[in-house]
Undergrad: 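One structure, pasted below without further comment.
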Amino acid sequence: MNAPVLLVIAHGSRDPRHAATVQALVRRAGLLRPGVRVETAFLDFNLPSVPGVLDRLAAEGVREVVALPLLLTRAFHAKSDIPAVLRQAPRGLRIRQAEVLGPSPLLLAAVERRLYEAGLTPGDKSTTGVVLASAGSTDPEAIAAIAETARELRNTGWCSVRPAFASASLPRTDEAVRALRTEPGVHRVAVAPYVIAPGRLPDRIATGASTADHLAAVLGPSPELARLLLERYEQSAQAPERVAVAG
């Protein structure tokens with residue numbers, strides 16, 4: 001029996017760096033599990049679209065798909081947009097929507113990888129304040145998830161970690177940087193973008209980090225993120241309950 005196809009669904013962006021980064025991440029995940037067919041689709045701005053990929057898979061005779069939202073938190077896209085587009089899939093496709101990527105220890109490891117690549121070392125943790133800067137959301141569940149991730153990152157040994165948001169929520173990145181400067185024991189401040197790919201909002205995070213001592217890169221095609229894609233795929237593919245949204 002063939003393994004279900006893994007369909008990674010990204011939001012999409014007018015910024016060409018976004019799609020290129022998503023494709024690089026998906027390629028890396030595919031190399032980790034050669035026996036699993038991995039496809040990419042976008043909700044907006046980029047091709048291929050989700051309906052286009054689902055139509056092609058159905059025409060090829062594929063019967064099972066695991067749809068993985070390339071999202072760090074459960075917000076509007078995961079709760080509404082993606083289920084809506086999956087419900088329009090061709091008859092005969094059995095599709096399960098996997099969980100979003102967060103929370104996960106692998107995400108914390110990816111954040112730390114990027115911080116070390118930005119010039120920090122494990123020995124700097126106890127004297128470094130970190131701004132965990134996300135894109136932002138109006139969804140209370142998503143905001144709470146970012147706050148919890150900041151607490152979990154703090155528990156790994158950083159002096160202090162504050163969440164910040166590029167849109168929709170407060171504080172902004174520059175405000176969080178200034179606040180960390182006033183905290184006892186903080187000798188330096190680093191900004192860690194808690195986003196997957198470059199784009200308008202990550203650029204806004206970078207602008208807000210202008211007074212920080214270190215700015216990490218976006219999570220991108222990190223090894224930890226690639227492993228996490230497959231972890232979520234396997235959890236969904238092996239689940240006893242199959243949620244058929246088409247067929």
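Computed over heavy atoms, backbone and side chain alike; hydrogens, waters and symmetry mates excluded. Sequential numbering from 1 along the given sequence is applied to the chain's residues.
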Undergrad: Any idea which heavy atoms bring Pro4 and Val65 closest together, and the distance?
TA: CB-N, 4.4 Å
Undergrad: For Val85 and Val50, which heavy atoms make the closest approach, and how far apart are they?
TA: CG1-CG1, 3.9 Å
Undergrad: Between CD of Gln97 and CZ of Arg87, what distance do you get to the nearest 0.5 Å?
TA: 9.5 Å
Undergrad: Can a donor-acceptor pair be found, under 3.5 Å and without considering hydrogens, that links the side chain of Arg114 to the backbone of Leu219?
TA: yes
Undergrad: Establish whether Leu68 and Val100 are linked, either directly or via other cluster members, by ILVMFWY side-chain heavy-atom contacts under 4.5 Å.
TA: no
Undergrad: Determine yes or no for a side-chain-to-main-chain donor-acceptor pair under 3.5 angstrom, with Arg162 supplying the side chain and Ala176 the backbone.
TA: no
Undergrad: Just so I know, are the side chains of Leu101 and Leu229 near enough to count as touching, which here means a heavy-atom distance under 4.5 Å?
TA: yes
Undergrad: Any idea which heavy atoms bring Arg232 and Pro103 closest together, and the distance?
TA: NH2-O, 3.0 Å
Undergrad: Check whether any side-chain heavy atom of Leu215 sits under 4.5 Å from a side-chain heavy atom of Pro193, and report yes or no.
TA: yes
Undergrad: Got a sec, which residues hit side chain to side chain donor-acceptor pair (under 3.5 Å) with Arg63, two or more places apart in sequence or on another chain?
TA: none
Undergrad: Say whether Val191 and Phe165 are linked into one hydrophobic cluster, either directly or through other cluster members, by side-chain heavy-atom distances under 4.5 angstrom.
TA: no
Undergrad: List the residues meeting salt bridge (charged side-chain N to carboxylate O under 4.0 Å, His left out) with Glu99, not counting sequence neighbours, and say none if there are none.
TA: none
Undergrad: By the salt bridge (Lys or Arg N to Asp or Glu O under 4.0 Å) test, which pairs, at least two apart or in different chains, include something from residues 195-205?
TA: Arg17-Asp203
Undergrad: Using side chain to side chain donor-acceptor pair (under 3.5 Å) as the criterion, list what pairs up with Thr128, not counting sequence neighbours.
TA: Arg188
Undergrad: List for me each residue that meets side chain to side chain donor-acceptor pair (under 3.5 Å) alongside Thr149, sequence neighbours excluded, and say none if there are none.
TA: none
Undergrad: If you measure from CG on Leu228 to OG on Ser222, what distance do you get to the nearest 0.5 Å?
TA: 9.0 Å
Undergrad: Side-chain heavy atoms nearer than 4.5 Å, only ILVMFWY residues, links allowed to pass through others: does that put Val177 and Leu132 together?
TA: no
Undergrad: Any idea which heavy atoms bring Gly129 and Val186 closest together, and the distance?
TA: N-CG1, 3.8 Å
Undergrad: With sequence neighbours excluded, tell me which residues meet side chain to side chain contact (heavy atoms under 4.5 Å, CB included) with Ala19.
TA: Phe42, Asn46
Undergrad: Between Ala135 and Val195, what is the shortest heavy-atom contact and its length?
TA: N-CG1, 3.8 Å
Undergrad: Would you say the side chain of Leu86 lies within less than 4.5 Å of the side chain of Leu54, judging by non-hydrogen atoms?
TA: yes
Undergrad: Heavy-atom count check: over 12 atoms from other residues, nucleotides or ligands less than 6.0 Å from Arg56 CZ?
TA: yes
Undergrad: Would a distance-only check, ignoring hydrogens and angles, find a side-chain to backbone donor-acceptor pair under 3.5 Å from Asp124 to Thr121?
TA: yes
Undergrad: Using the ring pair (Phe, Tyr, Trp, His ring centres under 6.0 Å) rule, collect all pairs that involve residues 4-24, keeping only residues at least two apart or in two chains.
TA: His11-His77
Undergrad: With sequence neighbours left out, which residue pairs that include part of residues 167-177 fulfil the salt bridge (Lys or Arg N to Asp or Glu O under 4.0 Å) condition?
TA: Asp174-Arg178
Undergrad: Once salt bridge (charged side-chain N to carboxylate O under 4.0 Å, His left out) is applied, do any residues pair with Arg74, and if so which ones, sequence neighbours excluded?
TA: Glu141
Undergrad: Would you say Phe45 and Leu201 are hydrophobically clustered, going by side-chain heavy atoms of ILVMFWY under 4.5 Å?
TA: no
Undergrad: Are Trp158 and Leu115 side-chain neighbours, meaning at least one heavy-atom pair lies under 4.5 Å?
TA: yes
Undergrad: Would you confirm whether Arg154, through its side chain, and Cys159, through its main-chain N or O, come within 3.5 Å as a donor-acceptor pair?
TA: yes
Undergrad: How long is the straight-line distance from CG of Leu71 back to CG of Asp81, given to the nearest 0.5 Å?
TA: 9.5 Å
Undergrad: Can you tell me how far the CG atom of Leu72 sits from the CD1 atom of Ile196, to the nearest 0.5 Å?
TA: 4.0 Å
Undergrad: Answer yes or no: is there a side-chain heavy-atom contact under 4.5 Å between Val161 and Glu152?
TA: no
Undergrad: Would you list the pairs meeting ring pair (Phe, Tyr, Trp, His ring centres under 6.0 Å) in which at least one residue belongs to residues 84-114, sequence neighbours left out?
TA: none
Undergrad: Sub-3.5 Å donor-acceptor pair from the side chain of Ser169 to the main-chain atoms of Ser137, do we have one?
TA: yes
Undergrad: Give the minimum heavy-atom separation between Leu93 and Val62, together with the two atoms involved.
TA: CD2-O, 3.2 Å
Undergrad: Please examine the side chains of Tyr194 and Leu153, heavy atoms only from C-beta on, and report whether any two atoms are closer than 4.5 Å.
TA: no
Undergrad: Is Leu70 reachable from Leu47 through a run of hydrophobic residues whose side-chain heavy atoms are each under 4.5 Å from the next?
TA: no
Undergrad: Applying salt bridge (charged side-chain N to carboxylate O under 4.0 Å, His left out), can you list everything that pairs with Glu231, at least two apart in sequence or on another chain?
TA: none
Undergrad: Say you draw a straight line from NZ of Lys79 to CG of Asp139; how long is it, rounded to the nearest 0.5 Å?
TA: 3.5 Å
Undergrad: Side chains of Val111 and Leu107: does their closest heavy-atom pair fall under 4.5 Å?
TA: no
Undergrad: Rounded to the nearest 0.5 Å, how far apart are OG1 of Thr40 and CG of Leu7?
TA: 7.5 Å
Undergrad: Does the side chain of Arg37 come within less than 4.5 Å of Leu57's, by heavy atoms?
TA: yes
Undergrad: Between the main-chain N or O of Val189 and the side-chain N or O of Asp213, is there a donor-acceptor pair closer than 3.5 Å?
TA: yes
Undergrad: Taking only residues two or more places apart in sequence or in another chain, which ones pass salt bridge (charged side-chain N to carboxylate O under 4.0 Å, His left out) with Arg113?
TA: Glu224
